[in-house]
Amino acid sequence: MKLSLYHKLAMSLAGIFILIASLFIWWTQALSQVSRAQAEQQLHMGLAEHLVGDNPLLQQGVYDYKALENLFHTLMVLGPSFEFYFIDPSGKLLTYSAKPGEVKRQTINLVPLIKLIDQPEQLPVYGDDPRNKYGEKIFSVAPVYNGDTLQGYLYVIIGSKLYDSIINNIKGNDQLIIGLSWLGLALAFLLTALLLLFKYLTRPVAALTEHIQQLEHAQFDIGKITLLDWNKAHSNEVHQLGESVNNMVKTIDLQVKQLAELDDQRRQLLAHLSHDLRTPLASLQGYLEIIALKKHDPEQQALHLGIALKNCEQLKSLIDQIFELAHLESGHANVQFEVFNLGELLYDAMAKFAIRADKMGVSLTISPTVCDIKAYSDIGKLERVLTNLIENALRHTGEGGAIEIKVNQQGEDLTVTVKDTGVGISAKELPYIFEARYRASNSKGCKKSHAGLGLAITEQLIKLLKTDIRVQSKIGAGTEFSFQLREAEPFNEKAE
C-alpha cells in the first residue's frame with residue numbers, strides 16, 4: 001500500500017510528537033524531583049547538626065545505644081518524614097530505630113556524607129538508603145566528636161519510607177489522575193490540530209499529484225482533460241508550481257501538435273517529391289529505351305537524347321534542391337561573413353537571368369543604377385537568396401512585366417527589395433509561401449520544372465544571415481520580397 005505525503009507526514013508528526021511529549025513529561029518529573037529534593041535537603045541540612053548539639057547523649061560522646069534507639073524512635077514519632085541512624089567512622093550502622101527486617105544494608109558509603117559536609121552548596125546530594133539495598137535518598141549528616149576524636153556520624157534520611165508511601169498515594173489520587181487526563185486531552189487536541197493543519201497544507205500537493213497522474217494517463221493531451229485553475233497571485237509555492245505545470249503542459253501539447261503537423265508535412269513533402277522524382281526518371285528511362293530500339297535513325301536519336309538530357313538536368317536540379325534544404329534544416333551549414341560590394345553582387349545575380357528575361361519580355365532593373373555600397377554578409381548564401389527570388393519573380397511575371405531590385409540605405413541598415421509586377425499572391429496564401437512544396441494557386445510556369453522548394457530554401461538562408469524576410473503582395477499587382485543587411489564600414493568601425 002502506497003502512503004500519501006499527508007499520511008507520511010502525519011505518521012512522522014505523531015511519532016515525533018509522542019517522543020517529544022514523553023521526553024517533556026520525563027524531564028519535568030525529573031526536574032520536579034530534583035528541585036524538590038534540593039529544596040528539602042537545603043531546608044533540613046542543619047537538622048543532624050542541631051540534634052548532635054542539643055542532645056546530651058551525642059554531645060558527650062556517650063553511646064547508650066538503647067537510649068539512643070529510644071531517642072531516635074521518639075524523634076521519628078515527632079517527625080515521621082525522617083529516619084535516624086548512627087554510624088561509626090567506617091560507615092557501619094551502630095544504632096537506629098526500625099522494625100526487624102526493615103534495614104537491608106549495615107554499611108553506608110561515606111563519600112556522599114563527607115561531600116555534603118565539605119561542600120554543602122552543591123545540592124542535592126544522595127546517600128545510601130539503609131532500608132533499600134540499592135536505593136538512594138537525600139539526607140542530613142553531622143559528625144559526632146568526643147573531644148577531638150571522631151566517634152561517628154548522625155545520618156538522617158529526609159523522606160522516610162512512610163513519607164514515600166504517602167507521596168505515592170497522593171500521586172494516585174483522583175485529582176492527580178484528572179489533571180493528567182486533562183493534560184493528555186490537551187496534548188491530543190494539539191496533535192489533532194497539527195494533523196488538520198498538515199492536511200490543509202498538503203491538500204494542494206495531493207491535488208497536483210493526482211492532476212499530473214491524469215495528465216500522464218491522457219498522454220499530456222489537454223484536449224482530453226481540464227487543467228486545474230491555480231491562483232497565480234497565491235503565495236503558496238504549490239500553487240505557483242501548479243501554474244508552472246499548466247504552462248509546461250500547454251507548451252508540451254503545442255510542441256506535440258507542431259511535431260505532428262511537421263511530420264504530416266514531411267510525409268506530404270516526401271510523397272510529392274517522390275512523384276516529382278519519378279516523373280523525370282520515368283521519362284528519362286522511356287526515351288533511353290526508344291534510343292536503344294531505334295539505332296538506325298540518327299535524327300530521332302538526337303531528339304530523344306536532347307529530351308533525356310533535359311530530364312536529367314531537371315532530375316539533378318530537384319535532387320540538388322532537396323539536399324540543399326535538408327542541409328540547411330540540419331543546422332550544419334557554415335556561414336562566412338565578409339565585406340563585399342553589394343552592387344557588383346546584384347548585377348552578377350541579374351546577369352544570370354538577362355537572356356531568359358529578354359526572351360520572356362520582362363525588364364530587369366537595379367535601383368539605384370550606380371550601387372557602390374559595401375555590405376557585410378555571406379556573399380555565397382546572399383547570392384543564392386537573390387537567385388531564388390529573381391527566379392521566383394520571373395516565373396510569376398508575364399510578358400511586358402518588370403522586376404526591380406532596389407537598395408535602400410537607412411543609417412547602418414541596408415534594405416534589399418525584389419519587386420515584380422506579376423500575378424501576386426492572395427492574402428490567405430501569404431503565410432504558407434515559405435513552406436516546402438507550396439505553390440500558389442495562380443502560379444505560372446511549368447510545375448515540372450521546379451519543385452516548390454525555392455522559397456523554403458530562401459527562408460533557411462535568410463535565417464543563417466541573421467535577418468528576416470518580409471513579403472507584401474496583391475493579386476494582379478505583383479509581389480515584393482525584402483530583407484535587411486548591415487553596411488560594412490559602420491560595422492567595422494564598431495568592431496574596432
Side-chain angles (χ1 to χ4, degrees), residues 250 253-255 257-273 275-276 321 325 328-329 346 349-350 353 357 360-367 382 384-408 410 413-485:
K250 292 177 182 177
D253 183 71
L254 177 61
Q255 291 176 344
K257 290 179 179 178
Q258 289 176 344
L259 288 173
E261 183 179 357
L262 182 60
D263 186 59
D264 184 61
Q265 291 176 357
R266 289 188 180 278
R267 282 197 298 268
Q268 293 181 11
L269 175 62
L270 182 60
H272 289 306
L273 291 177
H275 177 268
D276 289 340
Q321 287 186 349
L325 181 60
L328 292 173
E329 289 183 342
L346 296 179
M350 187 180 69
F353 301 95
M360 294 175 60
V362 177
S363 66
L364 289 176
T365 59
I366 295 178
S367 177
L382 182 58
R384 187 75 173 92
V385 169
L386 292 170
T387 299
N388 286 350
L389 292 178
I390 296 172
E391 183 179 13
N392 184 73
L394 274 174
R395 195 164 50 245
H396 295 89
T397 303
E399 185 178 358
I403 299 174
E404 183 183 16
I405 305 174
K406 296 191 298 184
V407 178
N408 184 25
Q410 292 181 346
D413 294 324
L414 302 173
T415 302
V416 180
T417 304
V418 178
K419 182 178 181 181
D420 64 65
T421 58
V423 294
I425 306 171
S426 67
K428 293 182 179 179
E429 294 179 309
L430 277 178
Y432 309 103
I433 63 174
F434 292 105
E435 293 181 2
R437 283 294 304 171
Y438 173 80
R439 290 190 182 98
S441 59
N442 59 343
S443 62
K444 293 185 176 182
C446 178
K447 294 185 178 181
K448 295 181 181 179
S449 62
H450 67 96
L453 301 177
L455 289 180
I457 294 173
T458 299
E459 184 184 36
Q460 296 296 326
L461 290 169
I462 285 292
K463 290 180 180 179
L464 289 175
L465 297 178
K466 300 179 181 179
T467 184
D468 297 316
I469 189 167
R470 297 178 297 276
V471 58
Q472 296 179 355
S473 186
K474 187 176 181 181
I475 294 294
T479 305
E480 178 180 305
F481 290 90
S482 61
F483 56 91
Q484 286 187 332
L485 299 174

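In this chain, residues are counted from 1 in sequence order.
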By the definition side-chain contact (heavy atoms from CB on, under 4.5 Å), identify the one residue from L455, L430, V418 that meets it with V471. L430
Any side-chain heavy-atom pair from L414 and F483 closer than 4.5 angstrom? no
Search all heavy atoms of M350 against all heavy atoms of T365 and return the closest pair with its distance. SD-N, 4.0 Å
Which heavy atom of S473 sits nearest to which heavy atom of G478, and what is that distance? OG-O, 3.2 Å
Side chain to side chain donor-acceptor pair (under 3.5 Å): which pairs involve residues 413-425, sequence neighbours left out? none
Please output the side-chain donor-acceptor pairs of residues 458-470 that fall under 3.5 Å, not counting sequence neighbours, one pair per line with the distance.
unit_1: T458; atom_1: OG1; unit_2: N388; atom_2: ND2; d: 3.2
unit_1: T458; atom_1: OG1; unit_2: G454; atom_2: O; d: 2.8
unit_1: T467; atom_1: OG1; unit_2: Q484; atom_2: O; d: 3.0

For the atom pair NZ (K428) and CD1 (I475), what is the distance rounded to the nearest 0.5 Å? 11.0 Å
Note: L394 and A357 closest approach over all heavy atoms is CD2-CB, 3.9 Å
Point-to-point distance, once rounded to the nearest 0.5 Å, from NE2 of H396 to OG1 of T479: 8.0 Å
Return the CG to OG distance between N408 and S482, rounded to the nearest 0.5 Å. 10.0 Å
Separation of I405 CD1 from S367 OG (nearest 0.5 Å): 10.5 Å
Going from CD1 on I457 to CZ on F434, what distance comes out if it is rounded to the nearest 0.5 angstrom? 13.0 Å
Reported NZ-to-OG distance for the pair K474 and S426, which is rounded to 0.5 angstrom: 13.5 Å
Got a sec, which residues hit side chain to side chain donor-acceptor pair (under 3.5 Å) with D253, two or more places apart in sequence or on another chain? K257
